[in-house]
Amino acid sequence: MPFRSGEYICVHPGSRGPQRQWPPAYFAALADHFAAQGWAIVITGTASEAALAERVQAMMQGRALNLAGKTTLGSLAVLIRQAGALFSNCTGVSHLAAAVKTRSVIISMDGEPARWAPLNKRLHHMVDWTKRQDYEAVVQEATEVLEEA
């Protein structure tokens with residue numbers, strides 16, 4: 001891994017179904033926003049999400065390390081544990097971040113954030129995209145998560 005612990009943000013754009021995925025252009029813009037502030041960006045995903053991860057990476061202006069399809073569950077857990085934060089849809093990695101106590105911003109596309117959100121609201125910020133489709137609100141949540149570190 002070319003980055004030290006706490007120097008990078010994991011961006012996980014995939015989820016089980018496309019209707020539960022925040023648009024790739026937003027993930028790319030969010031990654032670029034924080035890359036411009038000095039954060040390294042690591043894109044994660046399963047092998048089946050590799051094309052989506054490549055699309056996010058291609059949309060970015062800055063650089064990112066794309067590890068989609070290149071990690072085991074254990075190495076992904078270590079990667080997320082050592083990240084400064086995780087930005088993701090409401091999917092399995094959001095629960096992994098909760099388990100390893102890594103700060104996160106989770107975008108809920110299914111309208112059920114209360115059902116799926118991690119319990120620790122200090123570490124994990126949830127954005128219900130079905131109620132508030134505001135990219136700047138996500139940036140604000142992400143900024144707050146990183147400032148609280």
Chemist: Indicate yes or no: at least one non-hydrogen side-chain atom of Ile43 is less than 4.5 angstrom from one of Met60.
Modeler: yes
Chemist: Indicate the atoms forming the closest heavy-atom contact of Ala97 with Ser104, along with that distance.
Modeler: CB-CB, 4.3 Å
Chemist: Begin from the C-alpha positions of Thr44 and Leu76 and carry the test side chain to side chain contact (heavy atoms under 4.5 Å, CB included) through to its verdict.
Modeler: CA-CA 8 Å; Thr44 62; Leu76 179 61; 3.9 Å; yes
Chemist: With rounding to the nearest 0.5 Å, note down the distance linking CD in Gln21 to NE2 in His12.
Modeler: 8.5 Å
Chemist: Nearest heavy-atom pair of Met126 and Ser108: which atoms, and what distance?
Modeler: SD-CB, 3.6 Å
Chemist: Let me see the working for Gln140 and Glu144 under side chain to side chain donor-acceptor pair (under 3.5 Å), right down to the final yes or no.
Modeler: CA-CA 6 Å; Gln140 182 60 39; Glu144 289 175 16; 3.0 Å; yes
Chemist: Check whether Tyr26 and Leu52 end up in the same hydrophobic cluster, where Ile, Leu, Val, Met, Phe, Trp and Tyr are linked by side-chain heavy atoms less than 4.5 Å apart.
Modeler: no
Chemist: Working to the nearest 0.5 angstrom, can you tell me the gap between Thr72 OG1 and Leu79 CG?
Modeler: 10.0 Å
Chemist: Any chance you could measure Asn89, atom CG, to Arg16, atom CZ, to the nearest 0.5 Å?
Modeler: 13.0 Å
Chemist: Has Glu7 got a side-chain atom pairing as donor or acceptor with Ala40's backbone, closer than 3.5 angstrom?
Modeler: no
Chemist: Between Tyr135 and Trp22, how do the two ring planes meet: parallel, tilted or perpendicular, split at 30° and 60°?
Modeler: parallel
Chemist: Supply the atom-to-atom distance Arg63 CZ to Asp32 CG, rounded to the nearest 0.5 angstrom.
Modeler: 13.0 Å
Chemist: Look at atom CD of Gln37 and say whether more than 12 heavy atoms of other residues, nucleotides or ligands are closer to it than 6.0 Å.
Modeler: yes
Chemist: For the pair Phe87 and Val138, evaluate side chain to side chain contact (heavy atoms under 4.5 Å, CB included) and give the outcome as yes or no after the intermediate values.
Modeler: CA-CA 10 Å; Phe87 302 154; Val138 176; over 6 Å; no
Chemist: Within a strict 4.5 Å, meaning less than it, do heavy atoms of the Phe34 and Val11 side chains meet?
Modeler: no
Chemist: Looking at His33 and Val139, what are the two nearest heavy atoms and their distance?
Modeler: NE2-CG1, 3.6 Å
Chemist: Under a 4.5 Å side-chain heavy-atom rule over Ile, Leu, Val, Met, Phe, Trp and Tyr, are Ile41 and Leu146 clustered together?
Modeler: yes
Chemist: Under the side-chain contact (heavy atoms from CB on, under 4.5 Å) rule, collect the residues that match up with Ala51, sequence neighbours excluded.
Modeler: none
Chemist: Tell me the closest heavy-atom pair linking Val145 and Ala85, and the distance in Å.
Modeler: CG1-CB, 4.3 Å
Chemist: Output the distance between atom OG1 (Thr46) and atom CG (Leu73), rounded to the nearest 0.5 Å.
Modeler: 11.5 Å
Chemist: Just by modelled atom types, is the Ile80 backbone N or O under 3.5 Å from a matching donor or acceptor in the Thr102 side chain?
Modeler: yes
Chemist: I'd like to know whether Val105 forms a side chain to side chain contact (heavy atoms under 4.5 Å, CB included) with Leu30, so could you lay out the CA-CA distance, the side-chain angles of the two residues, the decisive distance to 0.1 Å, and finally the verdict.
Modeler: CA-CA 11 Å; Val105 174; Leu30 188 64; 5.9 Å; no
Chemist: Glu49 side chain to Ser15 main-chain N or O, any donor-acceptor pair under 3.5 Å?
Modeler: yes
Chemist: Can you tell me how far the OH atom of Tyr8 sits from the CG atom of Leu86, to the nearest 0.5 Å?
Modeler: 10.5 Å
Chemist: Do the side chains of Val100 and Leu67 join up, straight or via other hydrophobic residues, at under 4.5 Å, putting them in one cluster?
Modeler: yes
